[in-house]
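The block underneath contains the structure these notes are about, expressed in structure tokens.
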Amino acid sequence: MLRLERLQTYFKTGEGMVKAVDGVDLTLRPGGILGLVGESGCGKTVTALSILRLLPRTGHIVGGRILFEGRDLTAASEEEMRDIRGNSVSMVFQEPMTSLNPVFTVGKQVAEAIRQHLHPSERELRARVIEMFELVGIPDPAKRVHDYPHQLSGGMRQRVMIAIALACNPRVLIADEPTTALDVTIQAQILELMRELQRKNHMAIILITHDLGVIAEMAEEVAVMYAGKVVEHGSVDQIFDSPLHPYTRGLLASIPSLAAQGRPLTAITGTVPHPLNLPPGCLFAPRCPRAFARCPTAFPARMAQGAGHDVACYLYGERAEVRA
């Protein structure tokens with residue numbers, strides 16, 4: 001359905017070139033759910049914005065391909081991209097309060113996408129908007145279509161964002177932190193709604209989050225990103241039961257556990273490197289407890305470990321005896 005091949009997205013700044021996404025390879029199969037995880041600033045959102053070509057003016061795709069159903073979106077015209085956005089590929093943005101326009105009713109904002117792509121009559125348009133509100137579980141939809149964003153709760157605003165994204169029955173949905181700032185009850189409702197709509201419409205989903213609990217519940221495959229690169233990829237069972245990369249292990253170990261009550265939380269030392277001052281070789285090496293002499297020489301290629309599980313780490317290369 002969607003394949004990223006060596007995607008490179010850089011930002012030009014006064015201080016130099018920021019390599020926000022640097023050589024990312026991903027594959028999304030029809031009807032599948034791919035989880036994209038990692039710390040803040042590792043390139044997850046920029047990857048999503050690159051797919052839809054919604055980068056700010058300073059951002060540019062400088063290399064690689066984005067193949068949607070075999071068609072390279074990096075070579076598509078702006079007119080072609082306008083037809084794809086919201087129609088074939090949609091996105092639920094990170095913060096609904098800032099993504100929704102405060103001066104238009106939520107009904108008009110859902111109607112905009114439908115009018116752009118489906119060209120219905122006014123009666124059909126109103127019926128479709130109310131249908132979408134019912135679909136995402138907004139009560140009293142005929143009345144709520146006239147509300148403004150500030151009149152809705154956080155959970156209801158997020159449902160409106162999902163209604164906008166799904167209004168034209170897209171084949172791919174990109175959900176960027178869809179449950180951020182929502183309480184656990186609303187979070188569970190939003191995730192269940194997305195799962196139900198995915199099953200009903202056979203829609204493929206890219207789920208971006210730093211919440212590993214959400215990934216465990218929703219995703220089928222997981223890609224772990226660090227400093228603009230994918231360092232590990234596998235099925236959700238492989239990533240959670242048999243993590244290979246020291247960064248993935250660190251993320252999983254940092255999750256609070258009831259079994260570890262009274263003991264200090266595990267933490268990954270240091271911080272994600274500044275994109276203008278990246279270390280040589282493996283970008284995680286300065287923070288890695290298992291780094292050795294080869295790590296600073298060059299960034300390792302992703303090495304297949306069987307059954308679709310691969311990892312970018314010298315511990316699992318041809319000379320894996322260096323683990324000792």
Side-chain angles (χ1 to χ4, degrees), residues 33-36 44-49 51-54 82 84-118 125-126 128-201 203-211 214-215 217-219:
I33 302 179
L34 171 66
L36 205 55
K44 305 186 300 294
T45 296
V46 175
T47 300
L49 294 176
I51 294 171
L52 286 171
R53 301 248 309 269
L54 287 175
R82 278 198 299 269
I84 289 171
R85 295 184 196 118
N87 189 16
S88 301
V89 183
S90 282
M91 184 167 176
V92 178
F93 294 93
Q94 199 168 91
E95 178 47 62
M97 195 57 197
T98 55
S99 299
L100 291 170
N101 193 322
V103 299
F104 290 101
T105 65
V106 290
K108 283 187 176 180
Q109 295 183 63
V110 176
E112 182 181 9
I114 302 170
R115 186 183 288 112
Q116 170 74 21
H117 297 293
L118 303 181
L125 180 63
R126 176 175 170 78
R128 177 63 176 168
V129 172
I130 293 175
E131 179 188 351
M132 291 309 303
F133 274 47
E134 290 176 343
L135 184 67
V136 298
I138 295 178
D140 198 3
K143 178 182 177 183
R144 288 296 187 182
V145 295
H146 302 294
D147 286 351
Y148 289 86
H150 70 273
Q151 295 175 287
L152 302 178
S153 67
M156 287 296 116
R157 287 195 293 266
Q158 192 63 288
R159 289 170 188 266
V160 171
M161 291 294 296
I162 294 173
I164 293 172
L166 298 181
C168 299
N169 295 321
R171 296 190 288 282
V172 174
L173 175 68
I174 303 171
D176 188 3
E177 300 279 8
T179 57
T180 295
L182 301 180
D183 65 58
V184 291
T185 304
I186 302 301
Q187 180 184 55
Q189 293 174 0
I190 294 295
L191 293 177
E192 180 56 35
L193 169 65
M194 290 178 59
R195 188 187 291 107
E196 181 183 338
L197 295 175
Q198 183 260 344
R199 286 195 296 258
K200 182 177 180 181
N201 299 334
M203 176 177 62
I205 296 177
I206 296 177
L207 179 61
I208 300 172
T209 182
H210 58 262
D211 189 332
V214 171
I215 290 295
E217 184 177 344
M218 291 285 293

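Bear in mind the structure is a predicted one, so any value in this text is a computation, not a measurement.
Gln187 and Asp211 get closest at one heavy-atom pair: NE2-OD2, 3.6 Å. Residue Leu191 comes nearest to Met218 through the heavy atom pair O-SD, 3.6 Å, listed as atom of the first residue, atom of the second, then distance. Tyr148 approaches Pro102 most closely through the heavy-atom pair CD2-O, 3.6 Å. Shown here for Leu207 and Val214, the closest heavy-atom pair between the two residues is CD2-CG1, 3.7 Å. Across all non-hydrogen atoms, the minimal contact from Ile138 to Arg144 is CG2-CG, 3.7 Å. Across all their heavy atoms, Ala165 and Val92 have their closest contact at CB-CG2, 3.8 Å.
By the 4.0 Å N-to-carboxylate-O rule, Arg199 lies too far from Glu196 to be salt-bridged with it. Of the charged side-chain nitrogens involved, none lies within less than 4.0 Å of a carboxylate oxygen, so that Arg115 and Glu112 do not count as a salt-bridged pair.
Between Met156 and Pro139 the shortest side-chain heavy-atom distance falls below 4.5 Å. A heavy-atom distance below 4.5 Å is not found between the side chains of Ile174 and Ser90. Between Met91 and Arg85 the shortest side-chain heavy-atom distance does not fall below 4.5 Å. Between Ile130 and Arg126 there is a side-chain heavy-atom pair separated by less than 4.5 Å. A 4.5 Å side-chain heavy-atom check between Thr105 and Val145 finds every atom pair outside the cut-off. In this structure, the side chains of Ile206 and Leu173 stay at 4.5 Å or more apart for every pair of heavy atoms.
Rounding to the nearest 0.5 Å places CG of Leu36 at 10.0 Å from CD of Glu177. Taking CD1 of Ile162 as the reference point, atom CZ of Phe133 lies at 12.0 Å (rounded to 0.5 Å). Atom CD1 in Ile190 sits 8.5 Å away from atom CE in Met194 (nearest 0.5 Å). Separating the CG atom in Leu118 from the SG atom in Cys168 is a distance of 4.0 Å, to the nearest 0.5 Å. Atom NE2 of His150 is separated from atom CG of Leu100 by 12.5 Å, given to the nearest 0.5 angstrom. A distance of 10.0 Å separates OG1 of Thr45 from CZ of Phe93, quoted to the nearest 0.5 Å.
With hydrogens and angles ignored, the 3.5 Å screen pairs no side-chain donor or acceptor of Gln198 with any backbone N or O of Ile205. With Asn201 contributing its side chain and Met203 its backbone, the two residues share no donor-acceptor pair below 3.5 Å.
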For Met132 and Leu166, what are the C-alpha separation, side-chain angles and deciding distance, and is it a side-chain contact (heavy atoms from CB on, under 4.5 Å)?
CA-CA 8 Å; Met132 291 309 303; Leu166 298 181; 3.8 Å; yes
Pair Asn101, Gln109 - check side-chain contact (heavy atoms from CB on, under 4.5 Å), show working.
CA-CA 8 Å; Asn101 193 322; Gln109 295 183 63; 3.6 Å; yes
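Inspection of the Gln189 and Arg159 side chains reveals an N or O donor paired with an N or O acceptor under 3.5 Å.
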